[in-house]
Amino acid sequence: MKVDLALLNNLISKRSAEIEQSVAGTGYLARTVIGVGTFLLDNEGNTDLLTSKQLATFDKFLKPLLESRPTRPGK
């Protein structure tokens with residue numbers, strides 16, 4: 001899967017409250033989800049480099065938030 005790096009960067013840097021809301025009550029920590037997002041940013045959005053746990057975190061939290069904003073920031 002190809003991750004839109006601009007959207008991911010925007011999510012992590014400006015929409016972290018949405019991440020915190022999505023993890024509330026799940027037992028996951030927002031910093032864990034943000035860490036997975038940061039790892040993806042550092043590795044050009046290559047989800048093939050994620051461990052199975054990281055991929056599960058991405059699929060459960062980051063992917064839905066990225067898909068909820070299908071356009072690039074500022075457009």
Side-chain angles (χ1 to χ4, degrees):
M1 173 183 182
K2 188 70 174 165
V3 177
D4 186 320
L5 297 178
L7 280 177
L8 181 59
N9 186 51
N10 179 267
L11 175 62
I12 291 171
S13 63
K14 297 186 177 156
R15 297 170 48 205
S16 60
E18 291 178 49
I19 294 172
E20 290 176 20
Q21 289 174 349
S22 72
V23 300
T26 65
Y28 283 81
L29 298 174
R31 68 180 178 203
T32 301
V33 176
I34 292 169
V36 170
T38 301
F39 179 85
L40 282 171
L41 285 174
D42 291 346
N43 290 283
E44 299 178 7
N46 187 351
T47 57
D48 292 336
L49 298 176
L50 297 176
T51 65
S52 60
K53 288 183 180 184
Q54 289 171 322
L55 186 57
T57 300
F58 172 78
D59 287 339
K60 186 169 186 164
F61 299 108
L62 293 173
K63 189 175 179 182
L65 290 171
L66 290 169
E67 290 172 347
S68 70
R69 301 270 177 106
T71 58
R72 288 183 171 259
K75 287 191 177 185

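Sequential numbering from 1 along the given sequence is applied to the chain's residues. Note that the coordinates shown come from a computational prediction; the quantities given were computed from them, not determined experimentally.
- To the nearest 0.5 angstrom, K63 atom NZ is 8.5 Å from L55 atom CG.
- Interatomic distance, K14 NZ to N9 CG, rounded to the nearest 0.5 Å: 8.0 Å.
- With rounding to the nearest 0.5 angstrom, the CG atom of L11 is 12.5 Å from the CG atom of L5.
- Side-chain contact check for L49 versus L40: every heavy-atom pair is 4.5 Å or farther apart.
- The two residues S22 and L65 have their closest heavy-atom pair at OG-CD1, 3.9 Å.
- Considering V36, D59, T57 as possible partners of L50, the one that fulfils the side-chain contact (heavy atoms from CB on, under 4.5 Å) test is V36.
- Within the 4.5 Å cutoff, the side chain of V23 has no heavy atoms near those of the L29 side chain.
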Side chain to side chain contact (heavy atoms under 4.5 Å, CB included) between L62 and I19, intermediate numbers included = CA-CA 8 Å; L62 293 173; I19 294 172; 4.3 Å; yes

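- Residues K2 and E44 approach most closely at NZ-O, 3.9 Å, considering heavy atoms.
- Taking CG of L8 as the start and CD1 of I12 as the end, the distance is 4.0 Å to the nearest 0.5 Å.
- Residues F58 and L66 have side chains in contact (heavy-atom distance under 4.5 Å, counting atoms from C-beta outward).
- F61 has its side chain out of reach of T32: every pair of non-hydrogen atoms, C-beta onward, lies at least 4.5 Å apart.
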